[in-house]
There are 2 protein chains.
Amino acid sequence: MNELPPAGDFELLARGVRPRQNARLRLWLRLLSTTKLVMQEIRRRLRVEFDATLPQFDLLAQLYREPEGLRLGELSRRTMVTNGNITGLADRLEADGLIRRETLEADRRVTVARLTRKGRDAFMTMAKAHEGWIRELMADLNDDEIDVALARLASVKNSARSALGRIGE
Amino acid sequence: MNELPPAGDFELLARGVRPRQNARLRLWLRLLSTTKLVMQEIRRRLRVEFDATLPQFDLLAQLYREPEGLRLGELSRRTMVTNGNITGLADRLEADGLIRRETLEADRRVTVARLTRKGRDAFMTMAKAHEGWIRELMADLNDDEIDVALARLASVKNSARSALGRIGE
DNA sequence: TATTGTTATACTCTATAACTATA
DNA sequence: TATAGTTATAGAGTATAACAATA
């Protein structure tokens, strides 16, 4: 198999740039390439084995955690998919019989989506397979490495959230 | 700003599953949500400020590092974009005058793409802005955290590559 | 008037397979 | 025959804005 080349790091080639200043950039590029590597394989398997996409899987996962269902707006926020696109995503899943949408009588503007029994079963099957794939792809990591990585990624995420919050204000 | 909910971790809800076994899965879900969070912002800014996409930026970055240019096949491998889609990506960039494709006379099956002067200038501007965005989004991290994160991500990537290599064999 | 969700639109990406030309 | 790249096609994701129903 071909050895993949190192990711981006293009700025390191620029004149007079000190590596220390580019650590954040390198981190981002590595985050991106690592995620893309794993994501493409997961996407491929979801498609081949379940005819599903990652955003669909994500939406189902959110609903799986909430037996009461979720408003589409909340679903939109959790999946980071815009409101307009949640509709299309939900359309496909509803057409497949995996979710059901119902108008909330207390406030008829609100629509709540929840898993059908079929959707729950389908998701559990997918989630189990998915878990196995990840175990396979992350097989070489030991527990300590995983813990450290988890903690560092939490920091990265918090930093980004905080920066985005400052922008959104 | 709204506090985002924790990512997936749906299996933790399943009965009888021990957290220790799910560390890999949690790591992947966090990797995915963290990347998505940053990626959406980067994509948005690339689009708004430069009318560019991330795959386009990535392609330009690869060429920037190779003044001699790259074969489309090599470009395909480095950007993790399939051969057929590299053509369309290159079409748009060539139409914008950012890259140029030339047939290699030594082997007329081969096409080499390289940045035009305009492409080089455009990329440098974009890369500089991009670097600033990342610095902003990663502002809360200190140097040690970054180094550790870089190292752990390298492990993750190596593990995935190694697993994919086993699959590809 | 503000909010929730839908519709409409446009573009890009992603994946696969068939095809052309060159070797 | 094999390789490099293109073309064709289909489907989905992504983003924006306008819109309808409801509050």
Side-chain angles (χ1 to χ4, degrees), chain A residues 2 32 35-37 39-60 69-96 99-113, chain B residues 2 32 35-37 39-60 69-96 99-113:
Chain A
N2 270 313
L32 191 58
T35 302
K36 190 167 182 181
L37 187 66
M39 188 169 55
Q40 285 199 330
E41 181 66 12
I42 297 300
R43 255 200 322 236
R44 190 180 70 76
R45 297 194 190 189
L46 278 175
R47 184 170 28 77
V48 169
E49 301 201 15
F50 302 109
D51 195 29
T53 66
L54 209 44
Q56 287 166 10
F57 181 71
D58 189 19
L59 192 156
L60 294 177
L70 284 172
R71 299 158 159 240
L72 294 184
E74 178 61 19
L75 211 39
S76 166
R77 226 168 298 123
R78 296 199 189 186
T79 55
M80 300 191 232
V81 169
T82 59
N83 242 301
N85 291 328
I86 278 288
T87 298
L89 209 46
D91 284 347
R92 279 165 231 132
L93 293 170
E94 196 165 40
D96 289 342
I99 70 170
R100 188 172 47 238
R101 273 177 292 194
E102 275 167 14
T103 300
L104 191 69
E105 285 307 320
D107 181 344
R108 297 185 48 76
R109 291 173 305 182
V110 173
T111 303
V112 173
Chain B
N2 270 315
L32 191 57
T35 301
K36 190 168 182 181
L37 187 66
M39 189 169 54
Q40 285 200 331
E41 181 66 12
I42 297 299
R43 253 199 324 234
R44 191 181 69 75
R45 296 194 190 189
L46 278 175
R47 184 170 27 78
V48 169
E49 301 201 16
F50 302 109
D51 193 30
T53 66
L54 208 45
Q56 286 166 10
F57 181 70
D58 189 19
L59 193 155
L60 294 177
L70 284 172
R71 298 160 159 239
L72 294 184
E74 179 61 20
L75 211 39
S76 166
R77 227 168 298 124
R78 296 200 188 185
T79 55
M80 300 191 234
V81 170
T82 58
N83 242 301
N85 291 329
I86 278 288
T87 299
L89 210 45
D91 284 347
R92 281 165 230 132
L93 293 170
E94 195 165 40
D96 289 342
I99 71 171
R100 189 174 46 236
R101 274 178 291 196
E102 275 167 13
T103 300
L104 191 68
E105 286 307 321
D107 181 345
R108 297 186 47 77
R109 291 173 305 181
V110 174
T111 302
V112 173

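The sequence lines fix the lettering, A, B, ..., with proteins before strands; numbering per chain opens at 1. This is a predicted model, so every value here is computed, not measured.
Within 4.0 Å (heavy atoms only), A:Asn85 reaches at least one base atom of the nucleic acid. Here B:Leu89 lies in heavy-atom contact (under 4.0 Å) with sugar-phosphate atoms only. When heavy atoms are screened at a 4.0 angstrom cut-off, B:Gly84 is found touching base atoms of the nucleic acid. Residue contacts for B:Arg44: at a heavy-atom cut-off of 4.0 Å it reaches no nucleic acid atom on any strand shown.
Nucleotide C:dA23 holds its P atom 10 Å from the CG atom of B:Leu104, rounded to whole Å. The CD-C1' distance, from A:Gln40 to C:dT16, rounds to 14 Å in whole Å. Whole-Å rounding puts the A:Ile99 CD1 to C:dG5 C1' distance at 13 Å. Atom CZ in B:Arg43 sits about 15 Å away from atom C1' in D:dT16, given to the nearest Å. At whole-Å resolution of the value, CG in B:Asp91 and C1' in D:dT6 are 9 Å apart. Taking atom CD1 of residue A:Ile86 and atom P of nucleotide D:dA15, one finds them 12 Å apart after rounding to whole Å. Atom-to-atom, CD of B:Glu105 to P of C:dA21 comes out at 16 Å; the value is rounded to the nearest Å. B:Arg45 has its CZ atom 17 Å from the C1' atom of D:dA15, to the nearest Å.
With hydrogens and angles disregarded, a donor-acceptor distance shorter than 3.5 Å links the side chain of A:Ser76 to the backbone of A:Val81.
Between A:Arg108 and A:Asn83, it is A:Asn83 whose nearest contact on DNA chain D lies nearer the 5' terminus. Closest-nucleotide positions on DNA chain D for A:Thr53 and B:Val48 were compared, and the one nearer the 5' end corresponds to A:Thr53. Nearer to the 5' terminus of DNA chain C, by closest-nucleotide assignment, is the contact made by A:Thr87 (compared with the other of A:Thr87 and B:Arg109).
Residue B:Thr82 places none of its side-chain N or O atoms closer than 4.0 Å to OP1 or OP2 of C:dT16. An OP1 or OP2 oxygen of D:dT6 is reached within less than 4.0 angstrom by a side-chain nitrogen or oxygen of B:Arg101. In this structure, A:Arg47 does not reach the D:dA12 phosphate: none of its side-chain N or O atoms is under 4.0 Å from OP1 or OP2.
Inter-residue side-chain proximity for A:Arg43 and A:Thr53 is flagged as unmet; no heavy-atom pair is nearer than 4.5 Å. No side-chain heavy atom of B:Arg101 sits under 4.5 Å from any side-chain heavy atom of B:Leu93.
A distance of 10.5 Å separates CD1 of A:Ile99 from CG of A:Leu70, quoted to the nearest 0.5 Å. For the atom pair CD1 (A:Ile86) and CZ (A:Arg78), the distance works out to 11.5 Å, reported to the nearest 0.5 Å.
For B:Gln56, the side-chain atoms get nearest to C:dT12 when compared with the rest of C:dT6, C:dT12, C:dA23.
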